[in-house]
Enquirer: 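Mind looking over this structure? Questions follow.
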Amino acid sequence: MDHISLPQTWDIDQIIEDLDHQGFCLIDDAYSSEYMQTLVQECTAHLNEFRDAAIQNGVVSNIRSDHILWIDEQLAYAQQHIQALTALSEQLNRAFYFGIREVEAHFACYNAGEFYALHRDNPQGKNGRVVSSVYYLHEQWHADWGGELRLQDKQGEWHIIPPKPNRIALFQSDLLHEVLKSKQQRLSITAWLRSQDSIW
Ligand SMILES: O=C(O)CCC(=O)C(=O)O
Ligand SMILES: [Fe+2]
């Protein structure tokens, strides 16, 4: 893994403590507003390449209705986010012996009326996903626009997390969660910190 330092606003001690106690944590104001702007531009410039997430997986279902674009080396700004998550993975490996070896990520776009029903990102513990991360990159979000991440923490408590711009939600990939129906276009990068090759 590359040796890149964590962004300044990421408080690693707090992240480790929250993940340990609750299984999730929030990083607000994750990046500079300049970097966030460039990410928004990169994302919106490629919106016409986004694919229906359900069909992409070869499954036609009513579980999720978002649209996604996997991040490859062409998407230079999104790659920087992956590098920051790679630096974070090194710290988490040190703290928890997670054995994270790679980060996979896609942009996601939920248009008005779209959602993702209750699920776990690592349902049978088989796909190597250890920690899930969602970075919200739309430029504003109002309280009545819906689109919250609803998540059950490791103590069994439910949390409703607004997709606040420039926020990262990090959570154990085995926790139950859903994306409530969004009333506006909702943009994000979902990433998984993985300990082995995906079986999908
Ligand atoms: O966008 C979010 O808040 C969560 C997305 C999610 O659960 C997923 O892509 O697996
Ligand atoms: Fe998920």
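Counting starts at 1 for both ligands and their atoms, in listed order. Sequence positions, counted from 1, serve as the residue numbers for this chain.
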Enquirer: Atom CZ in Phe115, atom CD1 in Ile63: separation rounded to 0.5 Å?
Expert: 9.0 Å
Enquirer: If you measure from the Lys or Arg side-chain nitrogens to the Asp or Glu carboxylate oxygens, is any gap between Arg129 and Glu104 under 4.0 Å?
Expert: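 Yes, charged N to carboxylate O under 4.0 Å.
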Enquirer: Angle class for the Trp145/Trp141 ring planes (parallel below 30°, perpendicular above 60°, tilted otherwise)?
Expert: perpendicular
Enquirer: Enter the distance from Arg64:CZ to Tyr110:OH here, rounded to the nearest 0.5 Å.
Expert: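 Output value for this atom pair is 5.5 Å.
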Enquirer: Between the protein and ligand 1, are there any N or O atom pairs that come within less than 3.5 Å of each other, and if so, what are their names and distances?
Expert:
{"unit_1": "ligand 1", "atom_1": "1 (O)", "unit_2": "Arg186", "atom_2": "NH1", "d": "2.9"}
{"unit_1": "ligand 1", "atom_1": "1 (O)", "unit_2": "Arg186", "atom_2": "NH2", "d": "3.4"}
{"unit_1": "ligand 1", "atom_1": "3 (O)", "unit_2": "Tyr136", "atom_2": "OH", "d": "2.7"}
{"unit_1": "ligand 1", "atom_1": "3 (O)", "unit_2": "Arg186", "atom_2": "NH2", "d": "2.8"}
{"unit_1": "ligand 1", "atom_1": "7 (O)", "unit_2": "His119", "atom_2": "NE2", "d": "3.2"}
{"unit_1": "ligand 1", "atom_1": "7 (O)", "unit_2": "His177", "atom_2": "NE2", "d": "2.9"}
{"unit_1": "ligand 1", "atom_1": "10 (O)", "unit_2": "His119", "atom_2": "NE2", "d": "3.2"}
{"unit_1": "ligand 1", "atom_1": "10 (O)", "unit_2": "Asp121", "atom_2": "OD1", "d": "3.1"}

Enquirer: Start with the C-alpha distance between Phe107 and His46, add both sets of side-chain angles, then the distance that settles ring pair (Phe, Tyr, Trp, His ring centres under 6.0 Å), and finish with yes or no.
Expert: CA-CA 10 Å; Phe107 281 115; His46 290 85; 7.5 Å; no
Enquirer: Is a side-chain donor or acceptor of Gln155 paired with a backbone partner of His21 at a separation under 3.5 angstrom?
Expert: yes
Enquirer: Evaluate the ring planes of Tyr35 and Tyr31, with Trp represented by its six-membered ring, and classify them as parallel (under 30°), tilted (30 to 60°) or perpendicular (over 60°).
Expert: perpendicular
Enquirer: Between Lys181 and Gly146, is there a donor-acceptor pair closer than 3.5 Å when you use the side chain of the first and the backbone of the second?
Expert: no
Enquirer: What are the protein N/O/S atoms, named by residue and atom, that sit under 2.8 Å from the Fe ion (ligand 2)?
Expert: His119 NE2, Asp121 OD1, His177 NE2
Enquirer: Hey, what's the ring geometry for Trp70 with His106, parallel, tilted or perpendicular (30° and 60° as the breaks)?
Expert: perpendicular
